[in-house]
*Asks:* 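Before I ask anything, let me first share the structure, which is written out below as structure tokens.
The figures here come from the full heavy-atom set of this structure, side chains too, leaving out hydrogens, waters and symmetry mates.
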Amino acid sequence: MNFDLQELSGTFSVADVVAAMALSFVLSTLIGHVYRYTHRNVSYSQSYVQTLVIVGMIVALIMLVVGSNLARAFSLVGALSVVRFRNAVKETRDVGFIFLAMAIGMACGARFYTLAAIGAVVICVVILVMFKFNWFALNVQRQVVKVQVPAGEDYTPGIRDVLIKYTSEFELVSTETIRGGALSEVFYTVRLKKGAEPGDLVSALQERTSGQRVTVLTGYDTTDL
């Protein structure tokens, strides 16, 4: 019994379809696990990872449908052009994973199984290495210091003395009045000296501002006293 499916694009067997779909599923799942393992922020989405697997399999199916038929390829582009995606991608690296899943799906659908497997494994290893060794990280951590002082008095010299003691550099960002003009709120961007702790900076500033509220914001920590 002949299970070959005769198509305008050529001949492919049921085994080809099963192999393309199964391999695209396995490799896309691998990509999803790598994405989950290397994700650092709080914006992780389970549905996004599931979408990576689905995209890989769908692209493989599309490649099987299109084959080498140019007319069918242009028809498919026209049909897909009416689709609009309005969800914003939260991280730049998410776009890379989408393209990776699509590329693996295209290779599987084109029946380049070895290329798909080697490409997926090599790229995933590169991603894991970059994650493990924290490649391209910029080791410059700056803080935002927010100081509230009573209006009508000049606390600037005292604040500057504290910042000179605890920071290697600082810059005034803005000054504004709050609580109907009863207080002034001053914002600085600073870089703490090596060994200096945000809590020490807060305590020193409070001594110079009559115990008013001082907040130090960093990329990873918030000290609010």
Side-chain angles (χ1 to χ4, degrees), residues 1-138 219-220:
M1 183 179 295
N2 185 8
F3 290 95
D4 286 352
L5 303 177
Q6 299 295 327
E7 298 288 344
L8 295 176
S9 58
T11 302
F12 56 87
S13 65
V14 173
D16 290 331
V17 177
V18 173
M21 300 303 293
L23 186 59
S24 63
F25 170 76
V26 172
L27 296 179
S28 298
T29 301
L30 172 65
I31 295 169
H33 281 295
V34 171
Y35 175 84
R36 185 183 66 175
Y37 178 76
T38 59
H39 190 84
R40 290 181 173 179
N41 296 331
V42 297
S43 59
Y44 176 80
S45 171
Q46 179 186 10
S47 63
Y48 172 79
V49 181
Q50 293 175 347
T51 301
L52 290 177
V53 179
I54 296 171
V55 166
M57 298 182 67
I58 290 176
V59 172
L61 179 61
I62 290 174
M63 290 299 296
L64 288 172
V65 171
V66 172
S68 59
N69 191 293
L70 292 179
R72 193 174 303 172
F74 283 114
S75 298
L76 183 62
V77 171
L80 293 178
S81 65
V82 302
V83 180
R84 296 290 184 270
F85 299 96
R86 301 187 182 277
N87 289 340
V89 178
K90 297 181 178 64
E91 295 185 30
T92 307
R93 69 192 298 270
D94 292 356
V95 178
F97 277 91
I98 292 174
F99 277 108
L100 177 56
M102 293 177 62
I104 296 305
M106 291 176 65
C108 292
R111 286 165 279 183
F112 295 132
Y113 304 131
T114 303
L115 175 62
I118 294 176
V121 171
V122 169
I123 295 175
C124 286
V125 168
V126 170
I127 294 171
L128 290 172
V129 169
M130 289 194 295
F131 173 78
K132 179 68 175 180
F133 296 99
N134 201 25
W135 283 10
F136 311 115
L138 184 62
Y220 306 99

*Asks:* Rounded at 0.5 Å granularity, tell me how far SG in Cys124 sits from CG in Leu100.
*Replies:* 6.0 Å

*Asks:* Restricting to side chain to side chain donor-acceptor pair (under 3.5 Å), what partner residues turn up for Thr38, sequence neighbours left out?
*Replies:* Arg93

*Asks:* Please report the interatomic distance CD1(Ile31) to CZ(Arg36), rounded to the nearest 0.5 Å.
*Replies:* 14.5 Å

*Asks:* Kindly state each residue pair satisfying side-chain hydrogen bond (donor to acceptor under 3.5 Å, both in side chains) with at least one member in residues 112-133, sequence neighbours excluded.
*Replies:*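 Pairs touching residues 112-133 that pass the test: none.
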
*Asks:* Restricting to non-hydrogen atoms, name the atom on Ile104 and the atom on Gly119 that form the minimum distance, rounded to 0.1 Å.
*Replies:*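 Result for this residue pair: CD1-C, 4.4 Å.
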
*Asks:* Is there a side-chain contact between Val129 and Val125 in this structure, where contact means two heavy atoms from C-beta onward sitting under 4.5 Å apart?
*Replies:*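 Answer yes - side chains close enough.
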
*Asks:* Just how far is it from atom CG of Asp94 to atom CZ of Phe99, taken to the nearest 0.5 Å?
*Replies:* 12.5 Å

*Asks:* If I take atom CE from residue Met102 and atom CD1 from residue Ile58, how far apart are they, to the nearest 0.5 angstrom?
*Replies:*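 Spacing of CE (Met102) from CD1 (Ile58) equals 10.5 Å.
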
*Asks:* Testing the basics here: between Leu52 and Gly32, what is the closest heavy-atom pair and its distance to 0.1 Å?
*Replies:* CD1-CA, 4.5 Å

*Asks:* With Val49, which residues qualify under side chain to side chain contact (heavy atoms under 4.5 Å, CB included), at least two apart?
*Replies:*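 Once residues adjacent in sequence are excluded, the partners of Val49 under the side chain to side chain contact (heavy atoms under 4.5 Å, CB included) criterion are Tyr35, Tyr44.
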
*Asks:* Testing the basics here: between Val59 and Gly105, what is the closest heavy-atom pair and its distance to 0.1 Å?
*Replies:* CG1-C, 3.7 Å

*Asks:* Working to the nearest 0.5 Å, report the span between CG of Leu115 and SG of Cys108.
*Replies:*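 Between Leu115 CG and Cys108 SG, I get 9.0 Å after rounding to 0.5 Å.
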
*Asks:* Testing Ile127, Thr51, Val55 for side-chain contact (heavy atoms from CB on, under 4.5 Å) with Phe97, which one passes?
*Replies:* Ile127

*Asks:* Flag yes if more than 12 heavy atoms outside Phe131 fall under 6.0 Å of its CZ atom; otherwise flag no.
*Replies:*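 Enclosed: over 12 neighbouring heavy atoms sit under 6.0 Å from CZ of Phe131.
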
*Asks:* Working to the nearest 0.5 angstrom, can you tell me the gap between Arg111 CZ and Leu23 CG?
*Replies:* 13.5 Å

*Asks:* Minimum heavy-atom separation for Met63 to Met106, with atom names?
*Replies:*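 Shortest heavy-atom separation between Met63 and Met106 comes out as CG-CA, 3.6 Å.
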
*Asks:* Work out which heavy atom in Leu64 is nearest to a heavy atom in Ala20; give both atom names and the distance.
*Replies:*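 Smallest interatomic distance, heavy atoms only, reads CD1-CB, 4.0 Å.
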
